[in-house]
Amino acid sequence: MDLAKQATIIATCCAFFLALVKFVVGILSGSVAVLSSAIDSMMDFAISAFNFLALKKSSQKPNEHYNFGFSKIEALMGFLEGCFIVAVGIFIFYQSVMKIYHKEVVSDLNSGMAVMIFALIVTSLLVLYLSFVAKKTKSLIVESDCLHYKSDFLSNFFTLVALVLIYFTNLHIIDAIFGIIVSFYTSFSASKIIKKALAFLMDEALDEEILEKIKLLIDNHKEVVSFHNLKTRKTPSTNYISVHLVFCPIISLLNAHKISDEIEQAIREISQEQKWEIHIHLDPYDDQDEEGQRI
């Protein structure tokens, strides 16, 4: 099993365990705050489970119906999870405003603080692990999951701080104020994931720096008279490139093919940790005007 799938399984198990503990403590203590946190952890469990299924599907090989594979599922799940996190942020904001309006109080502070300390420890370890996996695998799903649990960590932390302050000051409005702060941070962070996922779904071109390196690699081969129709796109795991190379009409097909292979290998070496799908078309003359008329 690859590292990204393993990470989503661990995140799923941690979320389920935290939800179970919070539900038990919430019911026994009668704390609505802890029960709300338990519901949030249960949603985390569902999201991480869906992420695992998405990773499993996205790693499947292309078939006759989906020739480019399923790698965009990662971007789709990242987009949906980002939207979900924004929705959670809005919900937290609403609940916080309602607490201020109804002047609600937090009951059984001791049990609440104990379970939030435990949740903080587990979530912090999970965030460190997911951050490591996200950097190593470049998986948007794992990155989204990591962001999700970072927001959970902050939510748990601020809830604990609020409970401690309430314990010493008896000002229950503090809980709602911290909730509003968390809601704004959560929504802002999720917007970055949504933007990144949309770029993949809309077939955004590779970074300008990489494009310039590709153009330079082609120009370094004197046998290539010119090139056109350089098109690129990317998914979380793969870079796609297609380009037409123009050679002198009298060059042998064998030599032209050899040069294109050298260019392809050089492009792959730009970023060896990424997968590359490269399609090079060999032309005896520049036919981009003709192709434009056909389109």
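We number each residue from 1, following the sequence as shown.
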Looking only at non-hydrogen atoms, find the nearest pair between K234 and D207 and report the distance. NZ-OD1, 3.4 Å
Can you tell me how far apart CD1 (I117) and CD1 (I121) are? Round to the nearest 0.5 Å. 7.5 Å
For E269, look at atom CD and say whether over 12 heavy atoms of other residues, nucleotides or ligands are found less than 6.0 Å away. yes
Closest approach of K136 to L3 (non-hydrogen atoms, all atoms of both residues): CD-CD2, 3.5 Å
Note, I270 side chain near L217 side chain (heavy atom, < 4.5 Å): yes
Could you report the tightest heavy-atom contact between C248 and V225, atom names first, then the distance? N-CG2, 3.7 Å
Report whether F188 and F79 are members of the same hydrophobic cluster (ILVMFWY, side-chain heavy atoms less than 4.5 Å apart, transitive linking). no
What's the spacing between W276 CH2 and L206 CG if we round to 0.5 Å? 6.0 Å
Quick one, S242 and N229 - any side-chain contact, counting heavy atoms below 4.5 Å? no
Would you indicate whether the side-chain heavy atoms of L253 and L282 approach each other to under 4.5 Å? yes
How many angstroms lie between CZ in F132 and CG in L128, if you round to the nearest 0.5 Å? 11.5 Å
Within 6.0 Å of CZ in F157, more than 12 heavy atoms from elsewhere: no
Can you give me the closest heavy-atom contact between A119 and L18, atom names plus distance? CA-CD2, 3.8 Å
Please examine the side chains of I241 and L230, heavy atoms only from C-beta on, and report whether any two atoms are closer than 4.5 Å. yes
Kindly check if the number of other-residue, nucleotide or ligand heavy atoms within 6.0 Å of NE2 (H279) is above 12? yes
Can you measure from CG (N255) to CZ (F247) and round to the nearest 0.5 angstrom? 9.5 Å
Would you say L254 and I259 are hydrophobically clustered, going by side-chain heavy atoms of ILVMFWY under 4.5 Å? no
Kindly give the heavy-atom pair with the smallest separation between S260 and L245, and that separation in Å. CB-CD1, 4.3 Å
Do the non-hydrogen side-chain atoms of Y129 and Q6 ever get within less than 4.5 Å of each other? yes
Are L216 and V224 linked, directly or through intermediate hydrophobic residues, by side-chain heavy-atom contacts shorter than 4.5 Å (ILVMFWY only)? no
Rounded distance [0.5 Å steps], CG in N220 versus CD1 in I263: 9.5 Å
Just do the side chain to side chain contact (heavy atoms under 4.5 Å, CB included) check on L126 and I10 with the steps written out, would you? CA-CA 8 Å; L126 182 59; I10 291 175; 4.1 Å; yes
For H228 and H244, take the angle between the two ring planes, folded into 0 to 90°, and tell me which bin it lands in: parallel under 30, tilted 30 to 60, perpendicular over 60. tilted
Rounded to the nearest 0.5 Å, what's the gap from OH on Y240 to NZ on K275? Could you check? 9.0 Å
Should the pair F17 and F118 be assigned to parallel (<30°), tilted (30 to 60°) or perpendicular (>60°) ring geometry? perpendicular
On a heavy-atom basis, which atom in P284 and which in V246 lie closest, and how many Å separate them? C-CG1, 4.3 Å
Can you check whether K258 reaches E262 side chain to side chain, under 4.5 Å on heavy atoms? yes
Membership question, hydrophobic clusters at under 4.5 Å side-chain separation (ILVMFWY): are F200 and M202 in the same one? no
